[in-house]
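Below is one structure, written out as structure tokens; comments come after it.
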Amino acid sequence: MKLQDAVYNWLTITVVAHARPDDTAAQETERFFADLLREDHAVEQIAYTKEDDVYTVACTVNNESRTFRFPAELVETMLDQINREPEKYVNYQ
């Protein structure tokens, strides 16, 4: 998996996990992608911001700063789906 794809996957589930703090599956999946970024891509720090209709992710990889931008509509697709059909995304603890 390319770094950009891994960052996108991490961002998508992170947005869901922050919107649904009691969703254990989202929390576990966010940790999985954070670990993947750290272990497979040497990401040392990562953070995101949302401005208008764009998410910007800044990270450090092997002491080098990297930045990625993704359309908010694309990033929020999973969260929108969950919100439209919450009965399909019941939280099992």
Side-chain angles (χ1 to χ4, degrees):
M1 179 182 302
K2 291 183 177 184
L3 176 59
Q4 181 174 342
D5 295 337
V7 168
Y8 168 77
N9 289 335
W10 169 83
L11 177 60
T12 300
I13 194 60
T14 297
V15 168
V16 171
H18 289 180
R20 297 170 51 92
D22 295 333
D23 185 332
T24 54
Q27 304 307 315
E28 290 171 6
T29 306
E30 179 184 23
R31 281 191 297 277
F32 169 81
F33 280 105
D35 290 345
L36 183 135
L37 287 168
R38 192 172 38 262
E39 295 168 9
D40 293 0
H41 297 283
V43 172
E44 299 158 10
Q45 297 176 333
I46 190 164
Y48 74 91
T49 57
K50 181 182 179 190
E51 203 167 307
D52 298 323
D53 294 333
V54 175
Y55 281 88
T56 301
V57 178
C59 60
T60 304
V61 180
N62 296 320
N63 295 319
E64 179 183 328
S65 294
R66 300 284 305 268
T67 303
F68 301 91
R69 297 182 190 281
F70 303 98
E73 181 179 355
L74 185 63
V75 171
E76 295 170 356
T77 298
M78 182 183 296
L79 182 58
D80 292 343
Q81 178 67 28
I82 291 168
N83 288 336
R84 274 194 305 276
E85 300 179 275
E87 69 280 359
K88 292 184 179 180
Y89 302 93
V90 176
N91 185 30
Y92 299 102
Q93 295 186 10

Where do Asp40 and Met1 land on the side chain to side chain contact (heavy atoms under 4.5 Å, CB included) test, with the steps shown first?
CA-CA 9 Å; Asp40 293 0; Met1 179 182 302; over 6 Å; no
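- One hydrophobic cluster, built from ILVMFWY side chains closer than 4.5 Å, holds both Leu74 and Met78.
- The distance from the CD atom of Gln27 to the CZ atom of Arg20 is 10.0 Å, given to the nearest 0.5 Å.
- In this structure, Val16 is a member of the same hydrophobic cluster as Phe32, with clusters built from ILVMFWY side-chain heavy atoms closer than 4.5 Å.
- Between atom OG1 of residue Thr77 and atom CD1 of residue Ile82 there is a gap of 11.0 Å, rounded to the nearest 0.5 Å.
- Hydrophobic cluster membership differs between Leu11 and Val54, with clusters built from Ile, Leu, Val, Met, Phe, Trp and Tyr side chains linked at under 4.5 angstrom.
- Interatomic distance, Leu79 CG to Thr14 OG1, rounded to the nearest 0.5 Å: 12.0 Å.
- The heavy-atom pair separating Phe68 from Cys59 by the smallest distance is CE1-SG, 3.9 Å.
- At most 12 heavy atoms of other shown residues, nucleotides or ligands fall within 6.0 angstrom of atom CG in Asp53.
- Atom CD of Glu30 sits about 4.5 Å away from atom NE2 of His18, to the nearest 0.5 Å.
- Heavy atoms of other residues, nucleotides or ligands lying less than 6.0 angstrom from CD of Glu85 number more than 12.
- Atoms CD and NE2, on Gln4 and His41 in that order, are 11.5 Å from each other to the nearest 0.5 Å.
- Applying the ring-ring contact (aromatic ring centres under 6.0 Å, His included) rule to Phe70 yields the partners Tyr8; only residues at least two apart in sequence or on another chain are considered.
- The two residues Ile46 and Val43 come nearest to each other via the heavy atoms CB-CG1, 4.1 Å.
- Rounded to the nearest 0.5 Å, atoms OH (Tyr55) and OG1 (Thr49) are 10.0 Å apart.
- In this structure, Trp10 and Tyr48 have perpendicular ring planes: the angle between them is above 60°, well past the 30° mark.
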